[in-house]
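Beneath this line is the structure, given in structure tokens, with notes to follow.
Each ligand, and each atom within it, is numbered from 1 in the order the structure gives. Residue numbers count from 1 along this sequence.
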Amino acid sequence: MGMSSSSTGLRVGRLQNNLPLLSVSPQSRLLPRHFLRSTLLLLQRSRQDPTHDVGKSRDAHFPSLFTSLSARSRSSVRAVATASAFSEMVKAIRVHELGGPEVLKWEDVEIGEPKEGEIRVKNKAIGINFIDVYFRKGVYKAPTMPFTPGMEAVGEVVAVGPGLTGRKVGDIVAYAGGPMGAYAEEQILPASKVVPVPPSIDPVVAASVMLKGMTAQFLLRRCFKVENGHTILVQAAAGGVGSLLCQWANALGATVIGTVSTKEKAAQAKEDGCHHVIIYTEEDFVSRVKEITSGIGVDVVYDSVGKDTFQGSLECLKIRGYMVSFGQSSGTPDPVPLSALAPKSLFLTRPSLMQYTISRDELLEAAGEVFASVASGVLKVRMNHTYPLSEAAKAHADLETRKTSGSVVLIP
Ligand SMILES: NC(=O)c1ccc[n+]([C@@H]2O[C@H](COP(=O)([O-])OP(=O)(O)OC[C@H]3O[C@@H](n4cnc5c(N)ncnc54)[C@H](OP(=O)(O)O)[C@@H]3O)[C@@H](O)[C@H]2O)c1
């Protein structure tokens, strides 16, 4: 196997079967990762286009690297590259067995390089959502075991798969709602699942609002269309989704009633536009809603608490009201007999963000409306809790024991 080396410590040569090889010496390991990744990107390009001169690439972040290679080395690189030369490890949270927060382990993982239609993203901030708790506990079944949790992150594109257009290295992108695996320093994503983050929005803010904001968007704008004059009930009004629901519904002209567990959360819900706040750990929320609405009831209940509130939520509805059961933070609600809806001709739905962002157009529209609402000030994002990624277990414990309000974010 003939090899030629450069001053960078990168060596190019050919294996016995004549396949070109790029090797990384201890010296080149000192180079920044993105430097190495830029190299790989160019290698991939040169594989697709044998006439592509890596040394002259206008897209190269570090063209000096290539000029430092000998002519013979460049010609080898130009042919084909073996991506395996870049098998780097990144840190990630992994779950090997279902259970409490302690099953979230901080480990080294190898994620490989993006294939066709994929991008590799270096995460800047990762949003924590209650759905991550459901997967960790086994309420929802993870597609693999072990698995890395997380459905929402914002990061920088550090590599793009072969042939991909429309995304480039350096783009800041956000994703929410899958595929799972966001609790990682870096991850591979289908390019079709990410959206660009407007430069005016800080990446940590974007990671705090993408999934929760799109949830508020579909619940208020499409699932049941809230309009001026409606009266609505939001359970867990100071939570991540709850805070955004209250602000947005208030801006739409609704009278907003919210429930919370503590006085501190009540103060936040008030600030977020709740006209009436009920501390449901101290007061009977059903009688309070009846009192507030003069016995008529509300047009819609957005209930994410589930087991503990579901029955009471039905009782709070007016005739032909909408029961939107979109979560189960306290446990899965008991089955509802159809006959329970008859006395008031109620509507009942159990919606999920995934089904409201199926098409690329729906995803772009929902994300666009969220980012526009943040930029215009309609939504103030409460980034109340940030944790290092390695401390995801602590973040889960706090979310589950109702210690948090607003958004919870992990920083790699
Ligand atoms: N269907 C969808 O597409 C979709 C999308 C996103 C989120 N969700 C759901 O929306 C809900 C909110 O998600 P989030 O991430 O923003 O969480 P979150 O609301 O910030 O946290 C959950 C809140 O629920 C309340 N809660 C009441 N009983 C609880 C109990 N026994 N254990 C834990 N919490 C309890 C707590 O508020 P208090 O202390 O004030 O009671 C707690 O802070 C979750 O149920 C989630 O599954 C659904």
Measure from every N or O atom of ligand 1 to the protein's N or O atoms and keep only the pairs below 3.5 Å, writing each with atom names and distance to 0.1 Å.
{"unit_1": "ligand 1", "atom_1": "1 (N)", "unit_2": "F326", "atom_2": "O", "d": "3.0"}
{"unit_1": "ligand 1", "atom_1": "1 (N)", "unit_2": "P351", "atom_2": "O", "d": "3.0"}
{"unit_1": "ligand 1", "atom_1": "3 (O)", "unit_2": "L353", "atom_2": "N", "d": "2.7"}
{"unit_1": "ligand 1", "atom_1": "15 (O)", "unit_2": "F130", "atom_2": "N", "d": "3.0"}
{"unit_1": "ligand 1", "atom_1": "16 (O)", "unit_2": "G240", "atom_2": "N", "d": "3.2"}
{"unit_1": "ligand 1", "atom_1": "16 (O)", "unit_2": "V241", "atom_2": "N", "d": "2.9"}
{"unit_1": "ligand 1", "atom_1": "20 (O)", "unit_2": "G240", "atom_2": "N", "d": "2.9"}
{"unit_1": "ligand 1", "atom_1": "32 (N)", "unit_2": "S329", "atom_2": "O", "d": "3.3"}
{"unit_1": "ligand 1", "atom_1": "39 (O)", "unit_2": "S261", "atom_2": "OG", "d": "2.6"}
{"unit_1": "ligand 1", "atom_1": "39 (O)", "unit_2": "K265", "atom_2": "NZ", "d": "2.7"}
{"unit_1": "ligand 1", "atom_1": "39 (O)", "unit_2": "R402", "atom_2": "NE", "d": "3.4"}
{"unit_1": "ligand 1", "atom_1": "40 (O)", "unit_2": "S261", "atom_2": "N", "d": "3.1"}
{"unit_1": "ligand 1", "atom_1": "41 (O)", "unit_2": "Y280", "atom_2": "OH", "d": "2.5"}
{"unit_1": "ligand 1", "atom_1": "41 (O)", "unit_2": "R402", "atom_2": "NE", "d": "3.3"}
{"unit_1": "ligand 1", "atom_1": "41 (O)", "unit_2": "R402", "atom_2": "NH2", "d": "2.8"}
{"unit_1": "ligand 1", "atom_1": "43 (O)", "unit_2": "K265", "atom_2": "NZ", "d": "3.3"}
{"unit_1": "ligand 1", "atom_1": "45 (O)", "unit_2": "Y134", "atom_2": "OH", "d": "2.9"}
{"unit_1": "ligand 1", "atom_1": "45 (O)", "unit_2": "S304", "atom_2": "O", "d": "3.1"}
{"unit_1": "ligand 1", "atom_1": "45 (O)", "unit_2": "Q328", "atom_2": "N", "d": "3.4"}
{"unit_1": "ligand 1", "atom_1": "45 (O)", "unit_2": "S329", "atom_2": "OG", "d": "2.8"}
{"unit_1": "ligand 1", "atom_1": "47 (O)", "unit_2": "Y134", "atom_2": "OH", "d": "2.8"}

When T255, I292, L317 are each screened for side chain to side chain contact (heavy atoms under 4.5 Å, CB included) with V298, the one that passes is L317

How are the rings of F224 and H230 set to each other: parallel, tilted or perpendicular (split at 30° and 60°)?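 The arrangement is tilted - the two ring planes meet at 30° to 60°.
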
*asked:* Can you tell whether the side chains of D284 and R288 come within less than 4.0 Å, N to carboxylate O?
replied: no

Taking 4.0 angstrom as the limit, do K122 and E156 come out as a salt bridge?
no

Determine whether S405 and N384 satisfy the following criterion, side-chain hydrogen bond (donor to acceptor under 3.5 Å, both in side chains), listing intermediate values before the conclusion. CA-CA 7 Å; S405 60; N384 289 357; 2.8 Å; yes

My understanding is that only residues two or more places apart in sequence, or in another chain, count here; which of them pass salt bridge (charged side-chain N to carboxylate O under 4.0 Å, His left out) with K380?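 K380 satisfies salt bridge (charged side-chain N to carboxylate O under 4.0 Å, His left out) with no residue once adjacent residues are dropped.
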
